[in-house]
Student: 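What follows is a structure written as structure tokens; I'll ask about it next.
By convention here, the first residue in the shown sequence is residue 1. Side chains are part of it too, since the values below use all heavy atoms of this structure and drop only hydrogens, waters and symmetry mates.
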Amino acid sequence: MKELFGVKSTRKDGSEGNSVRIPELREIQADPTLRLKWIGYSALDARSTWALREELARRLQAVHWEREPLDASGGRDGATMYDFYHRYFVPFGNVLTDMERVGIRVDAKNYLAAVQIQAEKDKEAALERFLAWASKYDASMRYSNPASSAQMQTFLFGGSKTSKDKLVPRSRTFKMEIPERYRTEIEAMLDKEEATDDEEPSPPSSPA
């Protein structure tokens, strides 16, 4: 699509840019300069789809459908996975297209709202379980952000190599905002440390 119908962007000075935009299908179909390209593309698409259909049918017909009961002679009935496709997948495909066209009724006011609340609670519980598990290996992970790919990469794969043979650092320092759910816990911990420092006796003064 990009090679056939792509349009180069235009810079502010009027020169041609590097990015390529694919026009909307209505725009392509209505453009007389693209008509022959569109006809050729559509015909090739239809031909390729038919060739794919023929190949898939051939492969399905080559696979035996092992089903019960056997025929009267005790042998197989000769059914193939192509028969299975027509018996089950074609009707199921019709159901899916009907669902896409008509839609599915959802009780958004009551049921969906309740499910959303429960899903958020489940998410928080799963997050707490993960952080509790991760903090067993590194105490700082208690305050990490699981949505951060950089933090998760360092924690899970630190010290190993990527597919491009690059070494993932074993440790990194991240500047982050402490999540609201941990603020009280951290403030209490800091207050305890300050109280401990205040209780420490001052060193004795040297004799005059």
Student: Please check if the number of heavy atoms outside Glu54 that lie under 6.0 Å from its CD is greater than 12.
Tutor: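 Yes, because the 6.0 Å sphere around CD of Glu54 holds more than 12 heavy atoms from other groups.
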Student: List, by chain and then residue number, the residues other than Leu96 in its hydrophobic cluster (Ile/Leu/Val/Met/Phe/Trp/Tyr, side-chain heavy atoms under 4.5 Å); write none if there are no others.
Tutor: Phe92, Val95, Met99, Ile104
Student: Listed by chain and number, what are the salt bridge (Lys or Arg N to Asp or Glu O under 4.0 Å) partners of Asp107, not counting sequence neighbours?
Tutor: none
Student: For the OH atom on Tyr85, are there more than 12 heavy atoms of other groups (residues, nucleotides or ligands in this structure) within a distance under 6.0 Å?
Tutor: no
Student: Which distance, rounded to the nearest 0.5 Å, do you find between the CE of Met81 and the OH of Tyr88?
Tutor: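 Output value for this atom pair is 10.0 Å.
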Student: Could you list the donor-acceptor pairs under 3.5 angstrom formed between side-chain atoms of residues 42-51 and any protein atom two or more places apart in sequence or on another chain?
Tutor:
{"from": "Ser42", "atom 1": "OG", "to": "Trp38", "atom 2": "O", "distance (Å)": "2.9"}
{"from": "Ser48", "atom 1": "OG", "to": "Leu44", "atom 2": "O", "distance (Å)": "2.8"}
{"from": "Thr49", "atom 1": "OG1", "to": "Asp45", "atom 2": "O", "distance (Å)": "2.8"}

Student: Could you check whether atom CZ of Phe157 has more than 12 heavy atoms from other residues, nucleotides or ligands sitting under 6.0 Å from it?
Tutor: no
Student: Find out if a path of hydrophobic residues (ILVMFWY) with successive side-chain heavy-atom gaps under 4.5 Å connects Ile39 to Phe5.
Tutor: no
Student: Distance-only, no hydrogens or angles: does the Ser144 side chain make a donor-acceptor pair with backbone N or O of Ser140 under 3.5 Å?
Tutor: no
Student: Tell me every residue that passes side-chain contact (heavy atoms from CB on, under 4.5 Å) with Ile117, counting only those two or more places apart in sequence or in another chain.
Tutor: Lys121
Student: Which residues pass the side chain to side chain donor-acceptor pair (under 3.5 Å) test with Arg59, not counting sequence neighbours?
Tutor: Glu55
Student: Quick one: side-chain contact (heavy atoms from CB on, under 4.5 Å) partners of Ile22, sequence neighbours excluded?
Tutor: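 If we apply the side-chain contact (heavy atoms from CB on, under 4.5 Å) test to Ile22, skipping adjacent residues, the hits are Met1, Lys2.
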Student: Could you name each residue pair satisfying ring pair (Phe, Tyr, Trp, His ring centres under 6.0 Å) that touches residues 101-138, not counting sequence neighbours?
Tutor: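 Counting only pairs at least two positions apart or across chains, the ring pair (Phe, Tyr, Trp, His ring centres under 6.0 Å) contacts touching residues 101-138 are Phe130-Trp133, Trp133-Tyr137, Trp133-Phe155.
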Student: So, using side-chain contact (heavy atoms from CB on, under 4.5 Å) as the criterion, who are the partners of Asp122 when residues are at least two apart?
Tutor: Gln118
Student: Under the side chain to side chain donor-acceptor pair (under 3.5 Å) definition, can you give me all pairs with a residue in residues 25-35, not counting sequence neighbours?
Tutor: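 Only Asp31-Thr33 qualify under side chain to side chain donor-acceptor pair (under 3.5 Å).
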Student: Considering only distance and modelled atom types, tabulate donor-acceptor pairs under 3.5 Å from the side chains of residues 167-174, sequence neighbours left out.
Tutor:
none

Student: I'd like to know if Arg129 pairs up with Glu124 as an ion pair, taking the criterion as any Lys NZ or Arg NE/NH1/NH2 lying under 4.0 Å from an Asp or Glu carboxylate oxygen.
Tutor: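 Judged by the 4.0 Å cut-off on N to carboxylate O distance, Arg129 and Glu124 do not form a salt bridge.
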Student: Where do Arg11 and Asn18 come nearest, in terms of heavy atoms and distance?
Tutor: NH2-ND2, 3.6 Å
Student: Is Val90 reachable from Phe84 through a run of hydrophobic residues whose side-chain heavy atoms are each under 4.5 Å from the next?
Tutor: yes
Student: Going by side-chain contact (heavy atoms from CB on, under 4.5 Å), name the residues that satisfy it together with Ala57, two or more places apart in sequence or in a different chain.
Tutor: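 If we apply the side-chain contact (heavy atoms from CB on, under 4.5 Å) test to Ala57, skipping adjacent residues, the hits are Arg53, Tyr82.
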Student: Nearest heavy-atom pair of Asp13 and Ser15: which atoms, and what distance?
Tutor: OD1-OG, 2.6 Å
Student: Search all heavy atoms of Met141 against all heavy atoms of Met152 and return the closest pair with its distance.
Tutor: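 Scanning both residues, the minimum pair turns out to be CE-CE, 3.6 Å.
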Student: For Pro23 and Ile28, work out which heavy atoms get closest and say how close.
Tutor: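 That closest heavy-atom pairing would be O-CD1, 3.7 Å.
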Student: Supply the members, apart from Leu56, of the Ile/Leu/Val/Met/Phe/Trp/Tyr cluster built from side-chain contacts under 4.5 Å; use none for a lone residue.
Tutor: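 Leu56 clusters with Leu52.
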Student: Give the minimum heavy-atom separation between Val20 and Gly6, together with the two atoms involved.
Tutor: CG1-CA, 3.5 Å
